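Here's the structure we're looking at; comments come further down.
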Amino acid sequence: MKVLVTGGAGFIGANLCRELMCRPEVDRVVALDDLSTGHADNLDGTGAELVEGSILDAAVLSRLVAEADSVVHLAARPSVPRSLADPLASHDVNATGTVRVLEACRREAVHVVAASSSSVYGSVASLPKHEELPTRPLSPYGASKLATEAYVLAYGTSFGLPSLAFRFFNVYGPLQPAGHAYAAVVPTFVDAAMRGAPLLVHGDGYQTRDFTFVGTVTGVLADAVLRRVTSDEPVNLAFGTRVSVLELTHRLSAVLGTPVEVRHGPPRAGDVRDSQASDERLRRLFPAATAVPLEEGLRRTVAWF
Ligand code: NAD
């Protein structure tokens, strides 16, 4: 089996390439990535091939999709603050780029699994977030991911394209970069704690997130590819755990075996207050899926740093 992973040199993409190459059914994995936030060396030792190029390039996409049995579409500008700074750039990659990937898949009738985001729920307050809830994105990023999944679902119903759109929640783990303005909370905290620097919490710290270890996510993605799982509705890819950002600092402190200093800053624009997935639909489609617990995931993340 041959799998194309768009955004395959990024954090989730490179972890997925490694996972796929370990599966006996898979004999070739190609990562298409423009290296805008991904890194070629994330793929070192995985056996996956890197093609440096953009999903906005129809020619390269056509060629690679024609050689694939399945596509996992992860390429995106995956950041709320970057989307606030430049909404059109996020739209180009996340919305238009997705249509380009889907067009190539439609021509070849290739199964596609794509990444949407919990950010589509936005200001919808009820918990847990189940997929039947309305969507109210709070940021251009959230709106562009809603477009991503809406196009995936529309290609399924309009053209019978075998497809699946997952809503990822807060994914963390090895290869997730720290140390820049757009970094996610777990690597930012791990990096600061390991340097003995204070952990900067935006707002009061009681905002909650459903943290999902990257190995849990790639396990489900690989299973979706191998079993050609499809759905005409979006599927949350998280397991309904809800941890506040302050609680995360305590758990990290316990994993490191040292106290950590917490400082509070202003809340961030576009951030949602609470996030917790309903995993009912996920468990129906992936009954064998299990989640790596937060402490274990944090231990593996700290070991990678
Ligand atoms: P990432 O930035 O590490 O990965 C995105 C990859 O896409 C990068 O390697 C980047 O270079 C590549 N890319 C960007 N524009 C491209 C283009 N035009 N052509 C080809 N490649 C391009 O981020 P990630 O966290 O691994 O995110 C992967 C996917 O998961 C994204 O679609 C993101 O929206 C989604 N997601 C992630 C999270 C999370 O917690 N990390 C949560 C929800 C959704």
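These figures come from a predicted structure and were not determined experimentally. When reading the values below, keep in mind they use all heavy atoms of this one structure, side chains included, and skip hydrogens, waters and symmetry mates. Counting starts at 1 for both ligands and their atoms, in listed order.
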Fill in: Interatomic spacing from CZ in R268 to OG in S139 - rounded to 0.5 Å
10.5 Å
Worksheet item: Which of the numbered atoms in ligand 1 are below 4.0 angstrom from a heavy atom of G10?
Response: 3 (O), 4 (O), 8 (C), 9 (O)
Worksheet entry | Between CZ on residue R63 and CG on residue L32, distance to nearest 0.5 Å | 9.0 Å
Practice prompt. Pull out every atom of ligand 1 sitting under 4.0 Å from any heavy atom of V93, numbered as shown with elements.
Written response: 15 (N), 18 (N)
Item to complete: Would you tell me which option among A238, S116, A115 has the nearest heavy-atom contact to atom 44 (C) of ligand 1?
Response: S116
Worksheet item: Under 6.0 Å from the CZ atom of F159, do we count more than 12 heavy atoms belonging to anything else shown?
Response: yes
Worksheet item: Given the rule in the side-chain hydrogen bond (donor to acceptor under 3.5 Å, both in side chains) test, do S144 and H91 qualify, once you have shown the distances and angles that lead to the verdict?
Response: CA-CA 6 Å; S144 71; H91 180 87; over 6 Å; no
Worksheet entry | Donor-acceptor pair between D34 and S54 side chains, under 3.5 angstrom | no
Response to the item:
Residue, atom and distance of the protein heavy atom nearest atom 38 (C) of ligand 1 read F169 O, 3.9 Å
Item to complete: State, to 0.1 Å, how close A75 and T6 come at their nearest heavy-atom pair, and which atoms those are.
Response: N-OG1, 3.1 Å
Worksheet item: How close does the nearest protein non-hydrogen atom get to atom 23 (O) of ligand 1, and which residue and atom is it?
Response: P78 CG, 3.3 Å
Item to complete: Report yes or no: does A114 have a heavy atom closer than 4.0 Å to ligand 1?
Response: no
Worksheet item: Backbone, side chain, both or neither: what part of Y172 comes under 4.0 angstrom of ligand 1, heavy atoms only?
Response: neither
Response to the item:
Quick note on ligand 1: atoms under 4.0 Å from a heavy atom of G38 include exactly 8 (C), 9 (O), 10 (C), 11 (O)
Practice prompt. For ligand 1, find out whether one of its N or O atoms is nearer than 3.5 Å to an N or O atom of L56.
Written response: no
Fill in: Separation between CD of E19 and CG of D223, rounded to the nearest 0.5 Å
9.5 Å
Worksheet entry | Heteroatom distance test (V171, ligand 1): nitrogen or oxygen, under 3.5 angstrom | yes
Discussion item. Could you check whether F189 and Y172 have their ring centres less than 6.0 Å apart?
Written reply: no
Worksheet item: Short N/O distance, under 3.5 Å, between S118 and ligand 1?
Response: no
Discussion item. Could you check whether atom CZ of R136 has more than 12 heavy atoms from other residues, nucleotides or ligands sitting under 6.0 Å from it?
Written reply: no
Worksheet item: Where is the nearest protein heavy atom to atom 17 (C) of ligand 1: which residue, which atom, and how far?
Response: D34 OD2, 3.3 Å
Response to the item:
All heavy atoms of V190 vs all of F305, minimum pair found to be CG1-CD1, 3.6 Å
Worksheet item: Is it true that S79 lies under 4.0 Å from ligand 1, counting heavy atoms only?
Response: no
Worksheet item: Can you tell me if S36 has a non-hydrogen atom under 4.0 Å from ligand 1?
Response: yes
Practice prompt. Answer yes or no for T6: is there a heavy-atom contact with ligand 1 below 4.0 Å?
Written response: no
Worksheet item: What are the two closest heavy atoms between L252 and L298, and how far apart are they?
Response: N-CD1, 4.1 Å
Worksheet item: Which of the numbered atoms in ligand 1 are below 4.0 angstrom from a heavy atom of N170?
Response: 40 (O)
Worksheet item: Any N or O of S54 that comes nearer than 3.5 Å to an N or O of ligand 1?
Response: yes
Item to complete: Go through the steps to decide whether Y121 and N236 satisfy the test side-chain hydrogen bond (donor to acceptor under 3.5 Å, both in side chains), and finish with yes or no.
Response: CA-CA 11 Å; Y121 294 111; N236 291 335; 2.8 Å; yes
Practice prompt. Provide, to 0.1 Å, the distance between atom 2 (O) of ligand 1 and the closest protein heavy atom, together with that atom's residue and name.
Written response: T37 OG1, 2.6 Å
Worksheet, complete the sentence: atom 5 (C) of ligand 1 sits nearest the protein heavy atom A76 O, 3.8 Å
Worksheet item: With atoms numbered from 1 as shown, which atoms in ligand 1 lie under 4.0 angstrom from a non-hydrogen atom of G7?
Response: 6 (C), 7 (O), 9 (O), 12 (C)
Fill in: Heavy atom of the protein closest to atom 19 (N) of ligand 1 (residue, atom name, distance)
I55 N, 3.0 Å
Fill in: From the candidates I12, L74, D33, the one that places a heavy atom nearest atom 11 (O) of ligand 1
D33
Practice prompt. Indicate, with yes or no, if the rings of F169 and F211 have centres closer together than 6.0 Å.
Written response: no
Worksheet entry | Sub-4.0 Å heavy-atom approach of R77 to ligand 1 | no
Discussion item. Please state which option from F166, F168, F11 has its nearest heavy atom closest to atom 36 (N) of ligand 1.
Written reply: F168
Worksheet item: When rounded to the nearest 0.5 angstrom, what is the spacing between NZ in K2 and CG in L20?
Response: 13.5 Å
Fill in: Distance (rounded to the nearest 0.5 Å) between S163 OG and E149 CD
11.5 Å
Fill in: Atoms of ligand 1 close to L35 [distance to a heavy atom under 4.0 angstrom, numbered from 1]
11 (O)
Worksheet entry | Y141 touching ligand 1 at heavy-atom level, < 4.0 angstrom | yes
Item to complete: Answer yes or no: does atom CZ of F239 have more than 12 heavy-atom neighbours from other residues, nucleotides or ligands under 6.0 Å?
Response: yes
Response to the item:
If we number the atoms of ligand 1 from 1 as shown, the ones under 4.0 Å from a heavy atom of G53 are 19 (N), 20 (C)
Worksheet entry | Close approach of A9 to ligand 1, heavy atoms, under 4.0 angstrom | yes
